[in-house]
Amino acid sequence: MDEATELKKLRWRCRRGMRELDQLFGRYLDRCWLQALTDEREVFLFLLESEDDKLWRWFMGYEECPHAAPAALIARIRALPA
C-alpha cells in the first residue's frame, strides 16, 4: 500500500468522535507520521486500537497510561503545538 493510501486509512481510524482526540491524532499524522520509525508507528497503531475512554483519560491527564512506550508517545503528541 502506498503512503498516501495508508495515510487516508489512518486518518479515518483517527476519527474518534471526540474533537480533542481527533485533533491530537490528526496533528501527529500531519507532523510526525511520515518521519516516524517503525517502532513509533507500531506504538501509534496500538493507541488507535485502544478504547476511547482510556485514550481520553490518558491524553487528558486523568490517568497514566500503564505502558511506557505509549505513555511517552502520548506525552509527545500532547506537546505538539496546536
Side-chain angles (χ1 to χ4, degrees):
M1 171 180 344
D2 66 83
E3 283 285 335
T5 303
E6 182 180 25
L7 202 54
K8 285 179 185 178
K9 288 184 178 192
L10 283 172
R11 193 164 307 282
W12 179 255
R13 290 181 62 198
C14 287
R15 295 181 58 154
R16 309 307 281 208
M18 295 180 199
R19 185 181 58 193
E20 294 87 349
L21 290 177
D22 292 353
Q23 290 173 345
L24 288 165
F25 281 140
R27 263 185 230 137
Y28 178 82
L29 279 182
D30 292 340
R31 300 177 188 174
C32 304
W33 177 260
L34 292 177
Q35 301 86 0
L37 299 175
T38 302
D39 290 346
E40 183 174 300
R41 286 183 175 202
E42 289 175 5
V43 172
F44 185 74
L45 294 175
F46 167 82
L47 290 174
L48 290 182
E49 294 296 324
S50 300
E51 298 173 15
D52 289 346
D53 61 327
K54 287 182 182 179
L55 289 171
W56 173 259
R57 291 193 304 268
W58 295 342
F59 274 95
M60 298 303 121
Y62 297 121
E63 189 178 299
E64 185 74 26
C65 177
H67 310 288
L73 185 56
I74 288 168
R76 182 168 171 229
I77 292 171
R78 287 179 66 194
L80 290 171

Which atom pairs, donor and acceptor, lie under 3.5 Å between side-chain atoms of residues 61-69 and protein residues at least two apart or in another chain?
{"residue": "Glu63", "atom": "OE1", "partner": "Arg57", "partner atom": "NE", "Å": "2.7"}

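Counting non-hydrogen atoms of neighbouring residues, nucleotides and ligands closer than 6.0 angstrom, the CZ atom of Arg15 reaches no more than 12 such neighbours.
Across all their heavy atoms, Ile77 and Leu47 have their closest contact at CD1-CD1, 4.5 Å. Phe44 approaches Leu29 most closely through the heavy-atom pair CE2-CD2, 4.0 Å. Across every non-hydrogen atom of Val43 and Pro70, the tightest pair is CG1-CA, 3.5 Å.
For Thr38, the side chain to side chain contact (heavy atoms under 4.5 Å, CB included) test picks out Glu42, with sequence neighbours left out. Judged as a side chain to side chain donor-acceptor pair (under 3.5 Å), and not counting sequence neighbours, the contacts of Arg13 are Glu49. Residues satisfying the ring-ring contact (aromatic ring centres under 6.0 Å, His included) criterion with Phe59, sequence neighbours excluded, are Phe25. For the side chain to side chain donor-acceptor pair (under 3.5 Å) test, residues two or more places apart in sequence or in another chain that qualify with Arg11 are Asp30. Residues forming a ring-ring contact (aromatic ring centres under 6.0 Å, His included) with Trp58 (at least two apart in sequence, or on another chain): none. With sequence neighbours excluded, the residues satisfying side chain to side chain contact (heavy atoms under 4.5 Å, CB included) with Glu51 are Asp53, Lys54. Scored by the side chain to side chain donor-acceptor pair (under 3.5 Å) test, Asp39 finds no partners at all (sequence neighbours excluded).
Residue pairs meeting the side chain to side chain donor-acceptor pair (under 3.5 Å) criterion with at least one member in residues 72-82, sequence neighbours excluded, are Glu40-Arg76. For residues 19-28, there are no salt bridge (Lys or Arg N to Asp or Glu O under 4.0 Å) pairs, not counting sequence neighbours.
In this structure, Leu34 is a member of the same hydrophobic cluster as Leu80, with clusters built from ILVMFWY side-chain heavy atoms closer than 4.5 Å.
With contacts defined as side-chain heavy-atom distances shorter than 4.5 Å, the pair Met60/Met18 does not qualify. Looking at Leu73 and Phe46, their side chains never come closer than 4.5 Å, going by heavy atoms from C-beta outward.
A distance of 10.0 Å separates CD1 in Ile74 from CG in Leu24, rounded to the nearest 0.5 Å.
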So Leu45 and Leu10, side-chain contact (heavy atoms from CB on, under 4.5 Å) or not? Walk me through it.
-> CA-CA 9 Å; Leu45 294 175; Leu10 283 172; 3.5 Å; yes

